[in-house]
Amino acid sequence: QLKLVESGGDLVQSGESLRLSCAASGFPLDYYTVGWFRQAPGKEREAIACIHSAGGKTYYADSVNGRFTIVRERGKDTVYLQMDSLKPDDTAAYYCSAELIYSDNVVCPGASAYWGQGTQVTVSS
């Protein structure tokens, strides 16, 4: 079974950057569509960045578009989330997810996805 482990969360100040990592084991991550989700206290979990298993098609939520970048390192079973110009509103628990999705367009992982344990990102003003 695919196992995902996130790392890289930290306490930072507004305007700083973080790079989150999603490391996979069990199966090659290159076969899976991968998504980054976040959940702030009292709010629903939301998809913020996803990358297709074939090619490099990506999706970004409006709230992070232009500031965050999702990158797949093929052959290394790793997907990164580069987060720049962080804001206090970015404070949340961040989760990596992966799902076998067969589509020509990028579709974020859903109910059948595998999930990591999460990593906390806190941005102070």
Side-chain angles (χ1 to χ4, degrees):
Q1 181 168 112
L2 183 70
K3 182 180 179 180
L4 305 173
V5 178
E6 303 99 331
S7 62
D10 204 354
L11 170 63
V12 299
Q13 295 182 349
S14 295
E16 295 184 342
S17 298
L18 280 175
R19 190 188 194 192
L20 305 183
S21 297
C22 175
S25 61
F27 291 97
L29 191 60
D30 289 348
Y31 295 144
Y32 293 80
T33 292
V34 176
W36 283 97
F37 293 69
R38 70 184 183 187
Q39 186 168 25
K43 297 185 177 181
E44 296 294 316
R45 184 175 298 187
E46 63 171 339
I48 57 172
C50 305
I51 187 166
H52 202 283
S53 59
K57 292 183 177 180
T58 56
Y59 159 83
Y60 295 99
D62 289 342
S63 58
V64 306
N65 191 35
R67 299 187 298 118
F68 291 9
T69 306
I70 186 169
V71 179
R72 184 193 297 274
E73 287 199 352
R74 293 193 176 277
K76 298 183 66 176
D77 299 321
T78 303
V79 170
Y80 300 101
L81 182 67
Q82 179 66 42
M83 305 186 296
D84 298 321
S85 302
L86 284 164
K87 307 174 181 179
D89 286 347
D90 296 320
T91 296
Y94 284 72
Y95 298 87
C96 176
S97 65
E99 185 176 9
L100 293 173
I101 299 175
Y102 300 96
S103 174
D104 290 334
N105 301 312
V106 61
V107 178
C108 289
S112 298
Y114 297 95
W115 294 86
Q117 82 291 342
T119 185
Q120 179 67 36
V121 173
T122 302
V123 185
S124 63
S125 59

Asker: For C96 versus V34, what's the shortest heavy-atom pair and its separation?
Answerer: SG-CG1, 4.0 Å
Asker: About how many Å separate CG of L100 and OH of Y114, when rounded to the nearest 0.5 Å?
Answerer: 7.5 Å
Asker: Determine yes or no for a side-chain-to-main-chain donor-acceptor pair under 3.5 angstrom, with H52 supplying the side chain and S103 the backbone.
Answerer: yes
Asker: State the OG-CG distance between S17 and D10, to the nearest 0.5 angstrom.
Answerer: 12.5 Å
Asker: Using only atom types and a distance under 3.5 Å, with no angle test, would you say the side chain of Q82 pairs donor to acceptor with the backbone of T69?
Answerer: no
Asker: How close do Y95 and G116 get, counting heavy atoms only, and between which atoms?
Answerer: CD2-O, 3.8 Å
Asker: I'd like to know if the side chain of K57 and the backbone of D104 have a donor-acceptor N/O pair within less than 3.5 Å.
Answerer: yes
Asker: Going by the angle between their ring planes, with limits at 30° and 60°, are Y94 and F68 parallel, tilted or perpendicular?
Answerer: tilted
Asker: Show the numbers, then the answer: is there a side chain to side chain contact (heavy atoms under 4.5 Å, CB included) between Y31 and S53?
Answerer: CA-CA 5 Å; Y31 295 144; S53 59; 5.8 Å; no
Asker: Going from OH on Y60 to CD1 on I48, what distance comes out if it is rounded to the nearest 0.5 angstrom?
Answerer: 10.0 Å
Asker: When rounded to the nearest 0.5 angstrom, what distance separates CG in L81 from SG in C22?
Answerer: 10.0 Å
Asker: Calculate, to the nearest 0.5 Å, the distance between atoms OG1 and CZ belonging to T58 and R72 respectively.
Answerer: 11.5 Å
Asker: Is the side chain of T33 donor-acceptor paired with the backbone N or O of P109 at a distance under 3.5 Å, no angle test?
Answerer: no
Asker: Cation-pi check for Y80 against R19: NZ or CZ below 6.0 Å from the six-membered ring centre and within 45 degrees of the axis, yes or no?
Answerer: yes
Asker: Determine yes or no for a side-chain-to-main-chain donor-acceptor pair under 3.5 angstrom, with D77 supplying the side chain and L29 the backbone.
Answerer: yes
Asker: Indicate yes or no: at least one non-hydrogen side-chain atom of R38 is less than 4.5 angstrom from one of E46.
Answerer: yes
Asker: Using the rule that two of Ile, Leu, Val, Met, Phe, Trp, Tyr join whenever any of their side-chain heavy atoms come within less than 4.5 Å, decide whether L2 and L20 are in one cluster.
Answerer: yes
Asker: Hey, quick one: are V79 and L18 part of the same hydrophobic cluster, counting side-chain heavy atoms closer than 4.5 Å, chains of contacts allowed?
Answerer: yes
Asker: Quick one: sort the Y32 and F27 rings into parallel, tilted or perpendicular, breaks at 30° and 60°.
Answerer: tilted
Asker: Could you tell me which non-hydrogen atom of C108 sits nearest to which non-hydrogen atom of Y59, and how far apart they are?
Answerer: SG-CD2, 3.5 Å
Asker: Determine whether a donor-acceptor pair (N or O, by modelled atom type, separation under 3.5 Å) exists between the side chain of E99 and the backbone of G110.
Answerer: yes
Asker: Just verifying a value: how many Å separate S14 OG and L86 CG, rounded to the nearest 0.5 Å?
Answerer: 8.0 Å
Asker: Shortest non-hydrogen contact from S21 to W36?
Answerer: O-CH2, 3.6 Å
Asker: In this structure, would V64 and I51 fall into the same cluster of hydrophobic residues linked by side-chain contacts under 4.5 Å?
Answerer: yes
Asker: Checking T91 side chain against V123 main chain: does a donor-acceptor pair fall under 3.5 Å?
Answerer: yes
Asker: Taking Q117 for the side chain and V5 for the main chain, is one N or O donor matched with an acceptor at less than 3.5 Å?
Answerer: no
Asker: Identify the two heavy atoms, one from D90 and one from S85, that lie closest to each other, and give their separation to 0.1 Å.
Answerer: OD2-O, 4.4 Å
